[in-house]
Amino acid sequence: NLRLSSQNEAVLVSGGNALLRDIDVPLGSVVGDASSGATSLRVEYSQLAGAFGCTGSATTQCAAYASTLGAAIALGENITLNLARVTVNGPAEVFGVYFSSNAAMTISDSTISGQRNALILAGASPTPGDVRIERTLFVGNFGPMVAMRGGRVYLDDVEFRDNIVDAAHSTQPAVLEAGSGTIWRINRALFVGNRGGSGEGAVVRIKAGANVVMSNVTFDNNTFKTGLSGRGNTLGVDVSDTTPTLFWLFHATLRRASTVAASVSGSVLSVVGAASNVNVRIFNSLLDGTCAFGPGAAVFQAVGNVESTGDTCGFPGINNNRFNIAAVQLRLGTLGDHGGFSHTYLPAAGSVLLDTATPNWCVGNPLDQRRYLRPAGGVACDVGSVEAGAIPDAIFANGFDG
């Protein structure tokens, strides 16, 4: 074990290849500098209290494995960043992961916690590389993920727990602010115990020009931070102009926080913006709470959904939508470990959610939030993020689904 420290850069790799294994850096950063040529920097089994990352314009491979980092950075057009089995838990500075590159980034089997912003994405190219985040926890951060670049961001098997905005983010959501031109694909995720800032959408806020699709997700016990307020204690679509905006939701389980009164408008969803340009579609989902709409706003398409206990989401009385469903008919039990990466609600026998989803929208979602196969036993699939009675899919059991 090698212990290195300095006021600024404990390790600086300029050009060439470097593998650093089992090092301890209590002060200073570890940086790959590609300003003078292609660089490859990899850190393994190490403890870095400061920042780890790469800078410069040359093609660069920057990777960390099985290590603890204060922050991770990539500042350059052609830097690829790969983080696997890392914990990013430095002092509450500006970011956990700051990726300003047109190349690709992957984060897997990791934890990002205690950061002012968990993830910041930037870059100049209109078609940058994909960002893929898998089997990762975002816990106890103080500001949302934000992107200032195009390209797709894939989040698969992720959990957002107890993220609470600080004073600097009092007008931002707790987890995600999806801005213009950004594309987010969020699959098999749990959002629980998050507390956001004032505005439309305390936890996830979809702004004009964003493109967001979620499937097999659970939202539970999310609302505004004490002393802050708005509409959409969970999800908010906030569009004040004519910019086309997309938000689609498949097989979701949305439950209002128990601290939010049943009469509060928008406890799970708020939509502001005309239906002509705000494309909100909801399929085979449970909304256990209320919706709220600004003038001219509505859900553009709704199929196979259940609203409990009222009729606030504007679901039509066709296309297998049901509303005014009593809470006792849901039979969800408590949020817990029912298999899979994150906790879920598992409908019990007799639940109105069982075998009542619209089949057409099950075909594109063959795996539930736990990666269990739907439909179970060849019967029609269930409404919400979990398929009761299902079994794990052995093909995807290791998480490598391409």
Run Leu81 and Val97 through side chain to side chain contact (heavy atoms under 4.5 Å, CB included) and show every step you take.
CA-CA 10 Å; Leu81 179 64; Val97 178; 4.2 Å; yes
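- The shortest side-chain heavy-atom distance between Thr39 and Val13 falls under the 4.5 Å cut-off.
- Between the side chain of Arg149 and the main chain of Ala122, a donor-acceptor pair closer than 3.5 Å is present.
- Using a distance-only test at 3.5 Å, with no hydrogens or angles considered, no donor-acceptor pair links the side chain of Asp337 to the main chain of His343.
- Between the CZ atom in Phe293 and the OG atom in Ser265 there is a gap of 9.0 Å [rounded to 0.5 Å].
- In the model, Asn187 has no side-chain atom that pairs as donor or acceptor with a side-chain atom of Arg185 under 3.5 Å.
- With no hydrogens or angles considered, a side-chain donor-acceptor pair links Thr290 and Ser267 at under 3.5 Å.
- Inter-residue side-chain proximity for Thr358 and Asn319 is flagged as unmet; no heavy-atom pair is nearer than 4.5 Å.
- Listed here is the closest heavy atom pair of Arg231 and Ala292: NH1-CB, 4.1 Å.
- Note that CD1 of Ile79 is 6.0 Å distant from OG1 of Thr55, once rounded to the nearest 0.5 Å.
- Judged by distance alone, the side chain of Asn141 and the main-chain N or O of Gln115 form a donor-acceptor pair under 3.5 Å.
- Atom CG of Leu83 sits about 7.0 Å away from atom OG1 of Thr106, to the nearest 0.5 Å.
- In this structure a side-chain-to-backbone donor-acceptor pair under 3.5 Å is missing from Thr171 to Ser198.
- Taking every heavy atom of both residues into account, Ser67 and Ser46 meet most closely at OG-N, 3.0 Å.
- Between Phe219 and Phe191, the ring planes lie parallel to each other; the angle is under 30°, not in the 30° to 60° tilted range.
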In sequence, state the C-alpha distance, the side-chain angles, and the governing distance for Tyr372 and His338, and then conclude on side chain to side chain contact (heavy atoms under 4.5 Å, CB included).
CA-CA 11 Å; Tyr372 287 20; His338 303 294; over 6 Å; no
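- No side-chain donor-acceptor contact under 3.5 Å links Thr309 to the backbone of Ile325.
- Nearest approach of Asn194 to Arg161, heavy atoms of both residues: OD1-C, 3.6 Å.
- Annotation: the span from Leu287 atom CG to Leu254 atom CG amounts to 5.0 Å, rounded to 0.5 Å.
- Using modelled atom types, no side-chain atom of Ser101 and backbone atom of Phe99 make a donor-acceptor pair closer than 3.5 Å.
- Of all heavy-atom pairs between Ser40 and Asn17, the closest is CB-OD1, 3.1 Å.
- With hydrogens and angles left out, the side-chain atoms of Asn284 and Arg374 include no donor and acceptor closer than 3.5 Å.
- Residue Glu44 places its CD atom among more than 12 non-hydrogen atoms of other residues, nucleotides or ligands, all under 6.0 Å distant.
- Side-chain N/O atoms of Asp33 and Ser35 include a donor and acceptor closer than 3.5 Å.
- Under the 3.5 Å distance criterion, with hydrogens and angles disregarded, no donor-acceptor pair is assigned to the side chains of Asp368 and Asn216.
- Using a 4.5 Å heavy-atom cutoff, the side chains of Val386 and Pro347 are in contact.
- With sequence neighbours excluded, the residues satisfying side chain to side chain contact (heavy atoms under 4.5 Å, CB included) with Ala168 are Arg116, Asp166.
- Expressed to the nearest 0.5 Å, how far CZ of Arg188 lies from OG1 of Thr344 amounts to 13.5 Å.
- The closest side-chain heavy-atom distance from Phe160 to Leu155 is below 4.5 Å.
- Side-chain atoms of Asn360 and Phe283, non-hydrogen and from C-beta on, never get closer than 4.5 Å to each other.
- Under a 3.5 Å cut-off, the side chain of Thr245 and the backbone N or O of Gly209 do form a donor-acceptor pair.
- A heavy-atom distance below 4.5 Å is not found between the side chains of Arg370 and Pro392.
- Using a 4.5 Å heavy-atom threshold, the side chains of Leu228 and Val165 count as touching.
- With respect to the salt-bridge test (charged N to carboxylate O, under 4.0 angstrom), the residues Arg132 and Glu134 do not qualify.
- Side-chain contact check for Phe341 versus Arg135: some heavy-atom pair is nearer than 4.5 Å.
- Applying side chain to side chain contact (heavy atoms under 4.5 Å, CB included) to Met214 and the options Trp184, Trp248, Phe250, Phe247 leaves one that passes, Phe247.
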Evaluate the criterion side chain to side chain contact (heavy atoms under 4.5 Å, CB included) for residue pair Thr253 and Leu353; output intermediate values, then yes/no.
CA-CA 10 Å; Thr253 297; Leu353 307 176; over 6 Å; no
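- Checking side-chain atoms of Asn117 against main-chain N and O of Val146 turns up no donor-acceptor pair under 3.5 Å.
- Of the inter-residue distances, the one linking Leu286 atom CG with Asn305 atom CG reads 9.0 Å to the nearest 0.5 angstrom.
- Using a distance-only test at 3.5 Å, with no hydrogens or angles considered, a donor-acceptor pair links the side chain of Asp241 to the main chain of Thr243.
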Any chance you could lay out the side chain to side chain contact (heavy atoms under 4.5 Å, CB included) test for Val278 and Ile206, step after step, and finish with the verdict?
CA-CA 10 Å; Val278 179; Ile206 296 141; over 6 Å; no
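- Judged by distance alone, the side chains of Asp311 and Asn324 never bring a donor and an acceptor atom under 3.5 Å apart.
- Defined by atom type and a distance below 3.5 Å, a donor-acceptor pair is present between the side-chain atoms of Thr218 and Ser385.
- Nearest approach of Glu159 to Ser342, heavy atoms of both residues: OE1-CB, 3.6 Å.
- Between Asp220 and Arg255 there is no salt bridge, since no side-chain N of the basic residue sits under 4.0 Å from a carboxylate O of the acidic one.
- Counting non-hydrogen atoms of neighbouring residues, nucleotides and ligands closer than 6.0 angstrom, the CZ atom of Arg322 exceeds 12 such neighbours.
- If you check the side chains of Gln329 and Ser308, you find no donor sitting under 3.5 Å from an acceptor.
- A salt bridge between Asp130 and Arg152 is absent, with no side-chain N of the basic residue lying under 4.0 Å from a carboxylate O of the acidic one.
- In this structure, the side chain of Gln172 does not engage the main chain of Pro144 through any donor-acceptor pair within 3.5 Å.
- Taking both residues in full, the closest heavy atoms of Ala357 and Asn320 are given as C-ND2, 3.8 Å, listed atom of the first, atom of the second, then distance.
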